[in-house]
Amino acid sequence: VNIAVFGTGVVGRTIAAKLVSLGHIVIIGTRDVNATLDRVTPDPQGTPPFRDWQQQHPQVQLDTFKTAAAHGAVIINATSGGSSIDALTQAGAENLNGKIVIDVANPLDFSQGMPPSLFVSNTDSLAERIQRAFPETRVVKTLNTMRANLMVDPQQLAGGDHTVFVSGNDTDAKAQVTTWLKDWFGWSDVIDLGDITTARGTEMLLPIWLRLWGALQTPQFNFKVVR
Ligand SMILES: NC(=O)c1ccc[n+]([C@@H]2O[C@H](COP(=O)([O-])OP(=O)(O)OC[C@H]3O[C@@H](n4cnc5c(N)ncnc54)[C@H](OP(=O)(O)O)[C@@H]3O)[C@@H](O)[C@H]2O)c1
């Protein structure tokens, strides 16, 4: 599958690396290719420069959000939540319309320090904002409730016996994404929560996810819904 991954951070890199290892053709989208490749120092979180990572993953291409979107039969949004609409706007609706947009971003607001709060919640969500801004896309919210390495390899924890959620208005798109979650990444417990408004629930898991990270002193955990 031709895939666009929006985001040069840990999540975009992790998903892109997994997808090329499966034989997919992946273009990562960024604002400014030269600016991204010119970075030579780790970011404030300690993430190594993109070009160092790309040397280890030469099959992954880097281009603008627009070129990546034109290439992708599916778009995976792994941009910072506050910039996701901007990134998709740069891609152009004409390059998105009709396509599945897998949204893994979280609406985190770091402006008041740590832990971050949510800049949208309760009566709305980032996923709904994206769906409203790009009504001809088919947004499926998923994978936003665990660390990046677990998204693409749930077997790293509890033999893969833990839960991922999907939310979206388009039943066929959700079924397709569920198949990809299983076939590409190895998920077995996929819960369809319902329409895109149910993304409020998974985005609002972030406050408890962040406190668990603090309490457990590791991000290597996930939610398991026992029933
Ligand atoms: N880290 C995790 O394990 C994890 C787990 C679950 C969900 N998430 C969510 O996944 C998303 C990605 O997280 P991350 O840590 O990999 O990266 P991040 O630092 O949150 O986001 C990096 C991406 O955001 C883009 N961006 C930043 N400002 C922008 C702007 N003004 N306009 C357009 N694009 C902009 C950057 O573009 P450039 O490439 O041009 O710099 C870059 O591609 C976030 O929404 C995060 O909350 C993360």
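Counting starts at 1 for both ligands and their atoms, following the listed order. All heavy atoms count here, side chains included; hydrogens, waters and symmetry mates do not.
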*Among Leu143, Leu126, Thr79, Asp86, which residue places a heavy atom closest to atom 44 (C) of ligand 1?*
Thr79
_I want to confirm something. Looking only at heavy atoms, which of Ser80, Pro44, Ser83, Gly9 is nearest to atom 32 (N) of ligand 1?_
Ser83
If I apply the N/O under 3.5 Å rule, does [X] come out as touching ligand 1?
{"X": "Ala105", "value": "no"}
{"X": "Asn144", "value": "no"}
{"X": "Gly29", "value": "no"}
{"X": "Ala78", "value": "no"}
{"X": "Asn106", "value": "yes"}
{"X": "Arg31", "value": "yes"}

Atoms of ligand 1 less than 4.0 Å from [X] heavy atoms?
{"X": "Arg39", "result": "41 (O)"}
{"X": "Val10", "result": "16 (O)"}
{"X": "Met151", "result": "5 (C), 6 (C), 7 (C)"}
{"X": "Gly81", "result": "45 (O)"}
{"X": "Val104", "result": "7 (C), 8 (N), 9 (C), 10 (O)"}
{"X": "Ala148", "result": "3 (O)"}

Determine whether the side chains of [X] and [Y] contain a donor N or O and an acceptor N or O closer than 3.5 Å.
{"X": "Thr145", "Y": "Thr202", "value": "no"}
{"X": "Gln131", "Y": "Asn169", "value": "no"}
{"X": "Gln156", "Y": "Asp153", "value": "yes"}
{"X": "Trp187", "Y": "His162", "value": "no"}

Non-hydrogen atoms of [X] versus ligand 1: any pair closer than 4.0 Å?
{"X": "Met146", "result": "yes"}
{"X": "Arg13", "result": "no"}
{"X": "Glu203", "result": "no"}

*In terms of residue, atom name and distance, what is the protein heavy atom nearest to atom 2 (C) of ligand 1?*
Val11 CG2, 3.5 Å
*Protein heavy-atom partner closest to atom 42 (C) of ligand 1 - residue, atom, separation in Å*: Thr8 OG1, 3.5 Å
*Who passes side-chain contact (heavy atoms from CB on, under 4.5 Å) against His71, sequence neighbours left out?*
Asn2, Ile25, Ile27
*Glu128: what forms a side-chain contact (heavy atoms from CB on, under 4.5 Å) with it, not counting sequence neighbours?*
Asp124, Ser125, Arg132, Ile196, Thr197, Arg200
_Ring centre gap for Trp213 and Phe221 strictly below 6.0 Å_ = no
*Hey, can you tell me if Phe50 and Trp53 have their rings parallel, tilted or perpendicular (30° and 60° cut-offs)?*
tilted
_Smallest separation among heavy atoms of Ser188 and Gly160, with atom names_ = OG-O, 3.8 Å
*Heavy atoms only: give me the nearest Phe65-Gly7 pair and the separation to one decimal.*
CE2-N, 4.3 Å
_Flag: protein heavy atom within less than 4.0 Å of atom 37 (O) of ligand 1_ = yes
*Under-4.0 Å salt bridge between Asp161 and Lys224*: yes
_Test item: Val166 and Val190 side chains (from C-beta on) under 4.5 Å apart, heavy atoms_ = yes
